[in-house]
Structure formats: structure tokens, C-alpha cells
Amino acid sequence: MTDPQLVLAEGVQRALAAAFGPEYAAEDPLIRPSQFADYQANVAMSLARRLGRAPREVAQAIADNIDIPGTVEISGPGFVNLTLSDGWLAAQAAEQLADDRLGVPVETPATVVVDYSAPNAAKEMHVGHLRTTVVGDALVRVQAHLGHRVIRQNHLGDWGTPFGMLIEHLLDMGEAAAVAQLEAGEGNPYYQAARAKFDSDPAFNERARARVVTLQAEDPETMRLWHIFMNATIRYFNKVYTELGVTLTDDDIAGESMYNHMLAQVCDELESRGIAVISDGALCVFPPGFTGREGQPLPFMIRKSDGGYGYATTDLATIRYRIQDLKADRIIYVIGVTQSLHLQMLFASARLAGWLPDEVRAEHVQIGSVLGSDGKMFKTRAGKSIKLLELLEEAETRAAAVLVDRDYDEATRAEIGHAVGMGAVKYADLSVSHDSEYVFDFDRMLALTGNTGPYLQYATARIRSIFRRGGFDPAEPHGPIVIGHPAERALALQLLGFGAVVAEVGEANAPHKLCAYLFDLASAFTTFYENCPVLKADSEEDRQSRLALAALTLRVLVQGLDLLGIEVPERM
RNA sequence: GCGCCCUUAGCUCAGCCGGAUAGAGCAUCGGACUUCUAAUCCGACGGUCGGGGGUUCGAAUCCCUCAGGGCGCGCCA
């Protein structure tokens, strides 16, 4: 199949070349969706001045020279309204149905490193952390589907000074008890207990500080304890990932500890090359363009005056590793907005060092903060924190509760509840732009009406129901597609836009655009569903055509939801 | 003080590579199940796009400025 916007753009470009000369063949025809036609080209108005002609005159010249599978109309100050023919739309939809990729392009393969999730083992993990995980996983799925070599990097917070007290607390508790607590997702109380002792018990405090030293020195016994702590914590993370259907595995873990042995070399190299200098006893890079309070250069500190390393050092080692060892062409950091300045300075410093060449894209997908009901950011000391697994279980329970009057057995209900509950939670994070902050709200996340995951899943369940009732298989060929009713036309037109949307989501790291597209598609299908009986169509031709449209809609919805990481139950 | 982000309908948000009458969901009100799943659909109501200025044939969109809010800014990560 062919992307309608592409066909129209090329058609307008050929018309421009024919009317005004070949130098206009590459002009952007400014194709936009239109309320008066399928699409409109706005190029006549922008070009009029350069051509020294009236906009309507330019539009007329385009219309006179254009050759597209549809009709052209000029209106207003110079809009070129483009309407595709029903026959062409039907033929393209049929091609899309026959296409395994449903019109999604295969891009020139690149190596895309995606840094996401990255929970911190030494801090509380709250609902806000779900968001980077869910958004990152959707981006990963989209990049992979577009044909790229995707490397997931789960940059766990698994190293640093807090681990001294965490390990000492593990010794106090006993290894088995500590592991049990951590695996159960009680990382918060564990951390808080350790912290309380660290603050109030001088002897513990001293042990913890000493433990940091042996940890940095990679003393075998300390490392053994560290592994016990981390393995239990990772098992809990994996429970959350499994429940959510996140594609991260242990193979994707590349935590801070992994870069520990590279830090000294990073500093030495930057210092010897004069890129980093000593300032107030600390080793700093001063990337150009960054200024602080008094207008003085802003430091990117890579070695503290006490000789210790911070996350700036780790992140530099990380970016170098991703480019030199992983051969990244593009690095996507799915990390909170609060890290914005840090990442800007990281990228600038890495470019300065030559580790991040111009041709490698480094992007920060800023994830908006999730706020408490008081409208403020979550803090470690904040009282009631909801355990992630309990949140997810509640989502499933609520989703399953809607199914009480359906005639499903308990196992089926639980299965549907799982898919719908997880879909609801994930869609809530994906359907708004990633950088907007929002107040955490159970009801909002779990609402099953409106522009939500369940609405989209429900559309697929209704389509499957049609096939089930008719004794047909959506995977078998149906058709040919014939467009009669306006709802059929609108549905076909919407379906054809799938490939372009997926490509745009990959380019702009914007899964919410895929959500918007799928919601529009589900709406278009529902209108079709209300107006165009499939099984009881007036003729066999109509029935075959509508079965084909329904099958195509099902496949696009399922594929689109899969790219978002949302499962689709067979029935609801 | 500097930097980044935000301010669109009662609420939550799209739209912001400039284009025609600014959209959707929720909420509210009124309709639609003898008809393929009503977790649905149709209709109504609802907006000085924070204020002001500029660029433009045309600005929610680009630029400047002011106000309000958030986040960050050398030894936590």
C-alpha cells in the first residue's frame, strides 16, 4: 500500500514542477489534514510571494497540472483541497490487508540504544518510576518494529555510598530475612530502617562508612553481600516487569556498578587532554554555554575533592561505552525532566571530549514528574507509598469487576482483568505527552471509559465477536473491499495512516501520537460498527468487504497496541 | 541572579514543522439496546488559547516582554 500523504505530496510536487519549472519539484507541498477534504495542500499561499503571482492563481496552476487518484478543488485564499477516490482508497486498504507490515515502513537499520526504567536499588521505588519504564518500553518496541537494532540499557542505581548502610543492615537482619523482605517489594521499609540507624546510631554509621570503603575496593566478602542484596532487589524488579509485560530482562541490566572500573580512566583522559581542570580541588569539565548563579562557568564535576566519583563520571563512562562498544547511532535517554540540565551538560561534555560525535543522536526524552495528591513531587520521606505490585493488582481487580455479568469462568475473568488492568495503567502513562507532569490518581489510571486502553481493547473484542458469530476467521482472506457508506470511507482513510504515524512516533519519541491515532481509529470503527452491519449486510459483496475492513482494523489495532506494550484479550 | 519547562472548555489533556469556524475525554443535560458485545453510540452545553506587543496575506503555533506556577543551578545520585 502507499501512504496517502506521500502520494498526494508527490502529486503536488509534480504539478509544481510542470507549472513553474523543475526547481520546484522538491518544494514541501505542505500537505495537512483538512476539514473540507481528505487533505489540503497549503503550498500555493507560501509560494505565491516568491513566484510573484496571486495565491489563487498558483493554486489554479497546481490544480491544472495535478494528476492524483482523486479530485482537486480550490477554495479560500488558495487552499488546494484534495479528495482521494473511493476506488483508490479501497484498493490501498486491500493492499494494506495483504501486507504483513500493514504499511509500516522498514527504515535504514541503525543501532539505537534506549536507556530506560533504571530503578534505584538504594532509594524508594514509587509509582512515578513506572512511567519511565512504560514509555521507554513502548519506544523500544517502535524502534525495533521500524527495523532498527535496539539495545536496551537498564541503568540500575546499584552503586554508591548508600550501599554501605544497606549492606550493614542486611547483616543486622540476617541474609535470609533481608532477601525475603526485598523480594517482597518491601524495599522502602528496608531503606528507611537502614537510614534511621545511619542517622541515629553512631556505631552503625561508622560500620556503614567503612563498608563503603570495602565496597569501592571490591573486597570479596562485601561483594558477596552486595550481590545478595542486588539479586533479591532485581528479582522484585522482575516481578514488576513481568506483571507489566515489560520486555526488559537481566541481559539488559547495565547498572552504575558496571562502569566503576572505567571512572579513573575517564578522569585521567579528560584531565590529560585539558578538557577537565581542577577547580576548588574538584576535577570539572566546563562545557561552553553553561553559566551558574553569578554568571560564572557551570562545572560538570567528574571527581570530587575527596577523590570520589559522582554520577557525572558514570554517565560519561556510559555514553562512551554506548558509542565505542555498543556502536550506537542514536541514544535515547528516557529519564525525568529534573535531569534536564545534567543531560545537557553530559551531552555537551561528551561532544567536547569527542566521545559523542556529531552524527550520533543523543536525546533526552523528558519524563514528567508524577505528583502526590498534594500536587508536590514524591519525596523519600513522604509517608504512604503505594507498593507497585499492589497497585497493579488493584488495577486487575477493578478491571475484572466490570466483567461480573459476563458469562466467563474465573480463570478467563482473571486473564481479561490482567490484560485490561495493565492496559489501563500503561495507556494512562502513554496517552499524554511524556513531558507533562501529572497528579497520581487511582481513579484516573484505572478509569475504563473514554480515551483509555480498555476502549481500544474493547473495539478489538467487538471485531473478534463479529468473526466468531459469523464463523469466520479474521486471518483468512476477505474482500474485495468496496466503499459505499461514508463510515466505510472514513475507516479506510484512517487505516491508511498507520505507517506514517508509527514512523513519526519513532522519529519524535512520541508514543502519545500513536495513542491518539489508535483512539481515532477505534472511534472510526465504532461509527462503522453502528452504521454498517457486517454479518447482516444487504449483499454478499458488502459482507465480504466489511469483513475485510473489520479484519484490517483488528490487525492495525492489535499491532498498534502491541507497539505500546498493551495486550489484547480475545473477548471482554 | 541564570537556565529549562509549563499556563488552551468546570476538570484532565491534544493541537504548537503558521493556514479556513481551536479539538478530544471526563463531568453536566437530553436521547438510543426485539438488531454483529451499551466497557457503546448520537445530540446539547461549554473557550478573551495567562496579559500585552511584534513578524505575516494569515499566529494557540514563530519572536520580544510582563505576570503566575514548576524544576534545576560544585562536591547526593
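Predicted, not measured: the structure shown is a model, and the values here were computed from it. We name chains A, B, ... by the order of the sequence lines, and we start the count at 1 in each one.
Both thresholds, 5.5 Å between centres and 30° between ring planes, are met by Tyr311(A) relative to the base of rA77(B), so the two rings are stacked.
Taking only distance into account, the side chain of Arg406(A) meets the base of rA39(B) through a donor-acceptor pair shorter than 3.5 Å. For Ser305(A) against rC75(B), a side-chain-to-base donor-acceptor contact under 3.5 Å is present. A donor-acceptor contact under 3.5 Å links the side chain of Ser279(A) to the base of rG74(B).
Nucleotides rG25(B) and rA67(B) have their C1' atoms positioned 30 Å apart, rounded to a whole Å.
At a threshold of 4.0 angstrom between heavy atoms, the contacts of Tyr455(A) are confined to the sugar-phosphate backbone, with no base atom among them. Within 4.0 Å (heavy atoms only), Thr338(A) reaches sugar-phosphate atoms of the nucleic acid but no base atom. Leu341(A) comes within 4.0 angstrom of sugar-phosphate atoms only, judged by non-hydrogen atoms across all strands, and of no base. Contact annotation for Cys532(A): base contact, defined as any heavy-atom pair under 4.0 Å involving a base atom. Tyr309(A) comes within 4.0 angstrom of sugar-phosphate atoms only, judged by non-hydrogen atoms across all strands, and of no base. Within 4.0 Å of Arg571(A), counting heavy atoms only, lies at least one base atom of the nucleic acid. The residue Gly310(A) sits close only to the backbone: its heavy atoms come under 4.0 Å of sugar-phosphate atoms, none of a base.
Looking at the side chain of Tyr529(A), the nearest of the listed nucleotides rA38(B), rA39(B), rA77(B) is rA38(B). Nearest to the side-chain atoms of Gln339(A) among the listed nucleotides rA77(B), rC73(B), rC71(B) stands rA77(B). Listed candidates were rC36(B), rC41(B), rG74(B). Nearest to the side chain of Pro533(A) is rC36(B). In the set rC76(B), rU37(B), rA39(B), rC76(B) carries the atom at the smallest distance from any side-chain atom of Thr161(A). Of the listed nucleotides (rA77(B), rC4(B), rU35(B)), rC4(B) has the atom at the smallest distance from the side chain of Gln344(A).
Helical stems of RNA chain B (runs of at least 3 Watson-Crick or G-U pairs, donor-acceptor distances under 3.5 Å) are listed by first residue: B:1-7 with B:67-73, B:10-13 with B:23-26, B:28-32 with B:40-44, B:50-54 with B:62-66.
A salt bridge between Arg398(A) and Asp443(A) is present, with a side-chain N of the basic residue lying under 4.0 Å from a carboxylate O of the acidic one.
A cation-pi contact links Arg462(A) to Tyr529(A), judged by a cut-off of 6.0 Å to the six-membered ring centre and 45° from its axis.
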Check: protein-nucleotides 29-33 of chain B nitrogen or oxygen pairs below 3.5 Å:
none

Tabulate protein N/O versus nucleotide N/O from nucleotides 10-14 of chain B, keeping only pairs under 3.5 Å, one per line.
| from | atom 1 | to | atom 2 | distance (Å) |
| --- | --- | --- | --- | --- |
| rC13(B) | OP1 | Glu437(A) | O | 3.2 |
| rA14(B) | OP1 | Ser433(A) | N | 3.2 |
| rA14(B) | OP1 | Ser433(A) | OG | 2.1 |

Dump every N/O contact between nucleotides 18-21 of chain B and the protein below 3.5 Å, one line per pair.
| from | atom 1 | to | atom 2 | distance (Å) |
| --- | --- | --- | --- | --- |
| rA20(B) | N7 | Gln40(A) | OE1 | 3.1 |
| rA20(B) | N7 | Gln40(A) | NE2 | 3.4 |
| rA20(B) | N6 | Gln40(A) | OE1 | 3.0 |
| rA20(B) | N6 | Asn81(A) | OD1 | 2.5 |
| rA20(B) | N6 | Asn81(A) | ND2 | 3.3 |
| rA20(B) | N1 | Ser75(A) | OG | 2.5 |

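Evaluated for a side chain to side chain contact (heavy atoms under 4.5 Å, CB included) with Val43(A), the options Val58(A), Ile31(A), Val80(A), Ile62(A) yield exactly one hit, Ile62(A).
Tyr311(A) meets the ring-ring contact (aromatic ring centres under 6.0 Å, His included) test with His342(A); sequence neighbours excluded. The side chain to side chain contact (heavy atoms under 4.5 Å, CB included) test applied to Arg571(A) returns Tyr408(A), Ile416(A), Arg468(A), not counting sequence neighbours.
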